[in-house]
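First the structure, in the form of structure tokens, and then the observations on it.
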Number of protein chains: 2
Amino acid sequence: MSPTIKDIAKKAGVSIATVSIVLNGKAKVSATTKEKVEAVIKEMDYHPLHSARRLATQTTGNIGYIIWDGYFSEAEMFYSQVFWGVEYAARNNDYYVLVTTVKEKFNPKEDLPRFLRSRVVDGIVIMGKMPTSLLDYLEYLKIPFVLVDFEVQRKAYNSIQFDNYNGTYGAIEYLLQQGRKNIAYVGGLINHPSIRKRYNGYRDALEAHNIPAEIIQKFSYCVDVENTSEIGTEGAVQLLKKHPEIDAIFGCTDHIALGVIEGIQKLGRSVPKDVAVIGFDDIPISSYNKPKLTTLRVPKMSVGKEAFNLLLDVMKKPDMKSHTRILPVELIIRGSSQCN
Amino acid sequence: MSPTIKDIAKKAGVSIATVSIVLNGKAKVSATTKEKVEAVIKEMDYHPLHSARRLATQTTGNIGYIIWDGYFSEAEMFYSQVFWGVEYAARNNDYYVLVTTVKEKFNPKEDLPRFLRSRVVDGIVIMGKMPTSLLDYLEYLKIPFVLVDFEVQRKAYNSIQFDNYNGTYGAIEYLLQQGRKNIAYVGGLINHPSIRKRYNGYRDALEAHNIPAEIIQKFSYCVDVENTSEIGTEGAVQLLKKHPEIDAIFGCTDHIALGVIEGIQKLGRSVPKDVAVIGFDDIPISSYNKPKLTTLRVPKMSVGKEAFNLLLDVMKKPDMKSHTRILPVELIIRGSSQCN
DNA sequence: ACTTATGAGTAAAACGTTTTACCTAATAAA
DNA sequence: TTTATTAGGTAAAACGTTTTACTCATAAGT
């Protein structure tokens, strides 16, 4: 068996309390005993048993990562990448990350993520859209959490956001600079707070360039279903049939934008020559597409790291006033928007 | 605070031992007390504290998932998907999955995955290529593990494999049936056991159809570097320049195959009309490519689930004789091989 | 010279379970 | 009737840490 703290204490000729103190530095020890104990620890290759430590401190050393079932699909690697960011930051702070998903039809009593039931996490990162009933329940349990890319009206939760508004605004300005005149918008989930901000960025950028509101209205294809490439295709086809003068389309996610490209090509028109296309997210597929998709890159790893760091703060000071961190996005210009 | 087992015992008028027994069913209790205790448990919404249980049972309830640093890249979502499969199966068995990566230059004393040090997992799933020094160390620690898509010469480790050989063999036969005459192979990592089997499947299928060995030799572009799309492009270009008669190329992974397609197109030839292309893995990008890539689909979720189940067996009976499970792959026919 | 701090260390309690060893009463076997 | 056996239950030990409260020196402040 692996050595325990008792073995160390015995061999070093001190009490187990002293060993613990050396380990955690929570009190004073003389330099000599400290050295002696540390030598023995190294010699016997001792490592404290996780579960014993957890029981004694009444903490778990784990954080949870919750993601909605629907984002768990094959194509949706976006959230996997954020996960790796969280994992990376957690590792550096000696936390483990436990993952679970939550069903669309979520019932707090029934479908509670398992690690809440057995009090097995100290805090939670919540990725994307999440039923408010779950958030309410977390508040009731007094378990710290941070939201990523989501927020709730009238509730000041801790969260990490991307700069949806300014990112989109900037992308539209770039299209105008490129000489595009009639810029359309295609996207689903219009009631999602982040998507709504993207739409507002689109609208405000055009308004700032004196495009009349009713034109913007006509060029907007906004629906309230999941953002799939099929919806993108559908939106592009409908818009272009009604308004052949459209020469650029902003898709509210890369999935949408990739669908948009397909729609444009289906109508026999060329990207980017006839119509430029820009997406949002920068998922891996986007740089493999033909043409490669211009998009707003979300720094997925950083998002994960920031989420963990914020969570760590909240876990340390549970009644810290709530905090929102907005990360910038970067316009990645590729073939779908630029006639070289 | 959440109720503890003592609260339950007091309220139900029994000892804590009885509550524990009801919880775990490790001994006999009368139906009446059982019901009574269960009622109290439900009423107070009691859930045993994970860490206490872990300390008492001297198990962790966790398994580790180790993946090599290099597979951790943006594009390599293959292993992420397997991870979700493991996670799913683990969840159904009330295990948590802890993730870590291992550096290329791995030094057992220095870079030991953290969850080995603190004895925080009961077993480990190892994804893909892994330094043998780590495997040796795991054996020394007597910690159960299973390999996925990897094996070691002369060592009968527990593992989950895909049917690399027959999958490739079948794909080559399919190409022959389609009337392709000169089928080439492009791939890196030729010393990786799984890749080697793919190559053998390719070679044997051709030999079985009386293709002379020296032709096979000439049509093989085998190198020993990572499988990137750049290598695929490079291989395709080299082969086609020397042997313009080649009318089909098998890429040993989808990344390779996607690069191959790019190479073919760069030379001004058409896929699939002039040259058919088949890959292996079925990564998400493959179905977005133009043309869509024909490939051998590895059932990633199932692989993960099987890996967990095998690990569970090994954890239960540590000296079980070692076991290899080979999962079939499925030929997914798409545009890159079929002139409709 | 007398309190008061301070420094270094420890014994023992606490954390919340599981498990062992033992007890009692009831039933079955002889 | 006596003796095993079984069923149902429990007290207490064990798991390996951290933390609290306490001791005993020695140093510092009056």
Side-chain angles (χ1 to χ4, degrees), chain A residues 1-41 44-62 94 96 114-122, chain B residues 1-41 44-62 94 96 115 117-122:
Chain A
M1 278 312 292
S2 311
T4 73
I5 198 171
K6 275 186 198 159
D7 303 327
I8 304 299
K10 190 178 289 173
K11 189 146 190 174
V14 297
S15 73
I16 64 167
T18 305
V19 177
S20 177
I21 289 165
V22 169
L23 241 31
N24 304 298
K26 297 250 176 172
K28 301 272 166 85
V29 248
S30 71
T32 43
T33 40
K34 186 174 178 199
E35 275 169 26
K36 192 171 50 182
V37 171
E38 278 171 348
V40 176
I41 287 177
M44 304 189 74
D45 194 26
Y46 164 75
H47 297 279
L49 185 66
H50 202 244
S51 43
R53 180 171 256 179
R54 290 325 168 189
L55 178 57
T57 58
Q58 295 288 83
T59 64
T60 70
N62 301 322
D94 239 316
Y96 292 98
R114 60 197 177 122
F115 47 61
L116 294 182
R117 290 198 306 265
S118 303
R119 292 163 284 163
V120 98
V121 296
D122 299 332
Chain B
M1 278 309 292
S2 311
T4 75
I5 197 170
K6 274 186 198 158
D7 302 327
I8 304 299
K10 189 179 289 173
K11 188 145 189 175
V14 297
S15 74
I16 64 168
T18 304
V19 177
S20 178
I21 289 165
V22 169
L23 241 33
N24 303 298
K26 297 250 175 170
K28 300 274 168 83
V29 248
S30 71
T32 44
T33 40
K34 186 172 178 202
E35 276 169 25
K36 191 171 50 184
V37 170
E38 279 172 344
V40 176
I41 287 177
M44 303 188 74
D45 193 27
Y46 164 75
H47 297 279
L49 185 67
H50 202 244
S51 45
R53 179 173 257 178
R54 291 323 168 190
L55 178 57
T57 58
Q58 294 288 83
T59 64
T60 70
N62 300 323
D94 238 315
Y96 291 99
F115 47 61
R117 291 198 305 266
S118 302
R119 293 163 285 162
V120 97
V121 295
D122 299 331

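Hydrogens, waters and symmetry mates are skipped; everything else that's a heavy atom, side chains included, is used. Numbered from 1 within each chain, the chains take letters A, B, ... in sequence-line order. Treat the numbers as computed from the prediction; the structure is a model and nothing was measured.
- Rounded to whole Å, the distance from NZ on A:Lys28 to C1' on D:dT23 is 18 Å.
- Considering every non-hydrogen atom in both A:Arg53 and A:Pro48, the closest pair reads NH2-CG, 3.6 Å.
- For D:dT19, the OP1/OP2 oxygens have no side-chain nitrogen or oxygen of A:Gln58 closer than 4.0 Å.
- Expressed to the nearest 0.5 Å, how far CG of A:Leu49 lies from CZ of A:Arg54 amounts to 10.5 Å.
- Going from atom CD1 of A:Ile41 over to atom C1' of D:dG16 covers 14 Å, rounded to whole Å.
- In terms of position along DNA chain D, the nucleotide closest to B:Ala31 lies nearer the 5' end than the nucleotide closest to the other residue of the pair A:Ser51 and B:Ala31.
- As a whole-Å value, the separation of B:Leu55 CG from D:dT17 P is 9 Å.
- Side-chain N/O atoms of A:Thr33 include one lying less than 4.0 angstrom from OP1 or OP2 on C:dG9.
- Between A:Thr57 and D:dT17 there is no side-chain polar atom (N or O) within less than 4.0 angstrom of OP1 or OP2.
- Rounded to an integer number of Å, the gap from CD1 of B:Ile5 to C1' of D:dT10 is 13 Å.
- For C:dG9, the OP1/OP2 oxygens have a side-chain nitrogen or oxygen of A:Ser30 closer than 4.0 Å.
- Between A:Lys6 atom NZ and C:dT10 atom P the separation is 16 Å, expressed in whole Å.
- For the pair B:Ala56 and B:Lys34, both in contact range of DNA chain D, the more 5′-proximal nearest nucleotide belongs to B:Lys34.
- With rounding to whole Å, A:Ile8 atom CD1 is found 12 Å from D:dT18 atom P.
- Side-chain proximity of B:Val14 to D:dT19, D:dT10, D:dG16: nearest is D:dT10.
- When distances run from any side-chain atom of B:Ile21 to the nucleotides D:dT10, C:dG16, D:dT18, the shortest one goes to D:dT10.
- For the atom pair A:Asp7 CG and A:Ser2 OG, the distance stands at 10.0 Å (nearest 0.5 Å).
- Using a 4.0 Å heavy-atom cutoff across all strands shown, A:Thr18 reaches at least one base atom of the nucleic acid.
- For B:Lys10 and C:dT17, the NZ to P distance is 14 Å, given to the nearest whole Å.
- Counting heavy atoms from C-beta on, the side chains of B:Thr33 and B:Lys36 come closer than 4.5 Å.
- A:Val120 is listed as a side-chain neighbour of B:Tyr96, based on a closest heavy-atom distance under 4.5 Å.
- Nucleic acid contact class of A:Thr4 (heavy atoms, under 4.0 Å, all strands): sugar-phosphate only.
- D:dT17 atom P lies 21 Å from atom CZ of B:Arg53, rounded to whole Å.
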